[in-house]
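Below: the structure, in structure tokens.
In what follows, every chain begins at residue 1, and chains take the letters A, B, ... in the order their sequences are listed.
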Amino acid sequence: MFQLSKGSLKKILDGTNVTDPILQILQMKNIQNNMDGMTRYKVSLFDGETQHTFGILATQQNHLVESNQLKIGSIIKLEEYAANVLSKDPPKVVIILLNFEILGHMDPNQKQPTNQANESNFNEPSKHLQNNENIEPNKPKQPQQEKAKNFFNKKDAEVEKPSSNNPPGTFNGFKIFGISSLNPYQNKWSIKARVTNKSAIRTYSNARGEGKLFNIELIDNTGEIRANGFNEQCDKFYEMLQIDRVYHISKATLKTANKQYCKLDNDYEMTFNNETQIEPCDEADNLPHMSLNLVKLSDLTNRAANDFVDVIGVVKSVGDVTTIVTKATNRELKKRELSIVDNSGCAVTATLWGKQAEDYDAADGNPVILLKGAKVGDYNGKNLSVASTTVIQINPDIPEAHTVRGWFDQGGCDSEIQDLSNQNTMTSSNSGSANIGGHSNWKFLDQLKDEKLGMGDKADYFSTKAYVLYAKKDNSMYMACPGENCNKKVVDQNDGTYRCEKCSRNYPNFKWRMILNLNLADFADSNWATCFQETAETILDIRTDELGELKSSNSPRFDEIFTECAFKEFNFKLRAKMETYNDERRVKVSAVTVEPIDYVQSGRRMLQKIKQFAENQ
DNA sequence: CCCCCCCC
């Protein structure tokens with residue numbers, strides 16, 4: 001039998017703190033929040049005497065309903081709750097069920113315990129509830145945070161000192177919660193968290209007026225959250241909040257985070273308000289530090305534009321500060337490009353903007369630079385952009401920094417470097433590194449289908465080294481308009497003239513043009529690709545007009561030309577694009593460039609692939 | 001309440 005805590009609901013509603021009341025769930029309703037689209041469970045609570053129809057399950061407990069552990073009739077020991085007064089007149093109080101133990105289950109109508117076979121499960125705290133220890137911020141739990149690295153300067157333990165006037169486990173009169181348990185429906189909380197990132201102050205101006213803001217990222221053992229400080233709060237807290245320091249925070253507004261902009265693993269974000277309290281706090285707590293997921297520069301070729309990556313490398317060269325005018329708003333903006341290299345043998349251009357471009361110390365030589373959260377771009381190859389949320393560290397004291405420093409100093413600086421940026425320019429802008437000219441984004445032919453290239457809205461370009469298996473002779477040549485920039489097909493009028501519909505005129509002559517279909521193959525796959533004129537001439541090793549002569553004269557040499565190219569190997573830059581022909585949609589592949597293979601570069605590229613492959617095993 | 005991260 002369960003003894004419900006008679007009278008406890010009345011006390012809770014009156015604002016009295018009640019310890020571990022035993023309550024029963026009488027009703028339960030799934031409500032969809034329009035603001036954040038999240039499911040919430042509204043429950044009716046019963047204490048054996050009165051019923052309160054407005055209880056809400058904290059969303060981190062939703063799984064208990066979804067796994068049918070918590071249901072109508074469940075008896076709970078409510079270990080942690082929040083009674084939020086929504087209005088005084090009429091009185092409206094919502095009780096948020098933050099943490100509880102499911103003691104058992106009783107049919108509300110029978111008022112008797114049921115004899116379900118699995119009832120004993122309910123008499124122990126459920127497995128899930130044990131996970132809710134996550135609410136306590138001091139227990140490292142999630143593997144993702146266990147790999148967090150302890151690299152930024154000080155160790156917590158060394159700066160430990162007694163807390164101010166706060167009783168243990170509280171701050172500003174509020175119990176310390178784990179970040180992952182924060183939600184907009186419960187405002188009596190405090191957290192203890194480490195700042196892992198802090199933006200510069202940014203000003204903005206829009207229809208609502210002018211303003212400024214900064215944001216920080218906070219982490220504890222349960223999760224992470226972004227916090228924003230606008231205007232007065234920006235003035236008040238910006239200097240105090242420092243990267244890698246630990247703070248107590250209470251009384252900030254929580255709202256649904258816009259996932260489009262905030263990549264942190266939290267449905268909510270925090271905004272400081274005029275009630276917000278923040279105090280530095282130096283106690284050792286084994287709070288995770290900033291975590292790094294370093295990416296080798298060679299791996300950037302596999303990253304899409306707008307990805308954010310962490311990289312570490314040596315600044316090989318530094319560009320001057322230049323000024324650009326933004327397209328969108330015609331603002332003048334300073335920028336500076338750094339070429340960064342690492343021991344994967346690759347270089348990439350990283351762009352600093354605004355004040356960061358001006359403040360970068362170019363006299364610093366070739367320091368190690370860490371970019372955490374740099375944005376990947378894919379203009380003429382791959383590049384990186386330093387965003388407002390990117391953390392820059394010069395010569396950080398971490399093992400990876402020493403590794404890349406050692407590599408650079410012991411000959412890496414003079415080795416052949418593949419520049420992933422500036423791929424379509426003949427002169428490498430500032431890196432002084434080897435430029436392999438024209439090609440980036442090397443793929444094997446199976447990747448064409450595997451990666452659904454050309455299936456998107458726009459064309460995909462990639463480079464590949466492939467053999468010509470077969471060059472299709474039929475329809476490979478057509479009679480084209482001899483007009484200067486017109487290559488339209490002409491119709492033989494059989495009166496010695498050739499009609500071009502585009503030019504609307506008859507010509508006394510025509511010129512030959514080529515559209516050559518090739519079956520290309522590498523070790524992985526084969527695919528058809530179309531070569532036009534110049535690229536076809538490279539493949540067949542003959543000028544189109546000469547080939548036309550052979551065709552016109554029915555020379556046996558004509559056929560030979562098409563068989564001689566078989567099993568020749570070239571570097572292709574290919575374009576894949578979806579096309580519709582006779583209601584059939586398929587990816588058409590055409591050659592943008594065809595070049596003989598430079599086997600030294602090709603070998604280097606292969607070595608890189610092998611190295612990359614080995615490292616990823 | 002921002003959410004731009006730019007240019008070739």
Does a salt bridge link [X] with [Y], judged by any charged N lying under 4.0 Å from a carboxylate O?
X: A:Lys443; Y: A:Glu451; answer: yes
X: A:Lys335; Y: A:Glu337; answer: yes
X: A:Arg303; Y: A:Asp378; answer: no

Requested in this report: Go along nucleotides 1-6 of chain B 5' to 3' and tag each nucleotide: B for a protein heavy atom under 4.0 Å from its base, S when only backbone or sugar atoms are that close, - otherwise.
Outcome: BBBBBB

Query raised in the report: Residues two or more places apart in sequence or in another chain: which of them pass ring-ring contact (aromatic ring centres under 6.0 Å, His included) with A:Tyr238?
Result: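 A:Tyr238 satisfies ring-ring contact (aromatic ring centres under 6.0 Å, His included) with A:Phe214 once adjacent residues are dropped.
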
Query raised in the report: Mind checking what makes ring-ring contact (aromatic ring centres under 6.0 Å, His included) contact with A:Phe272, not counting sequence neighbours?
Result: A:Phe237

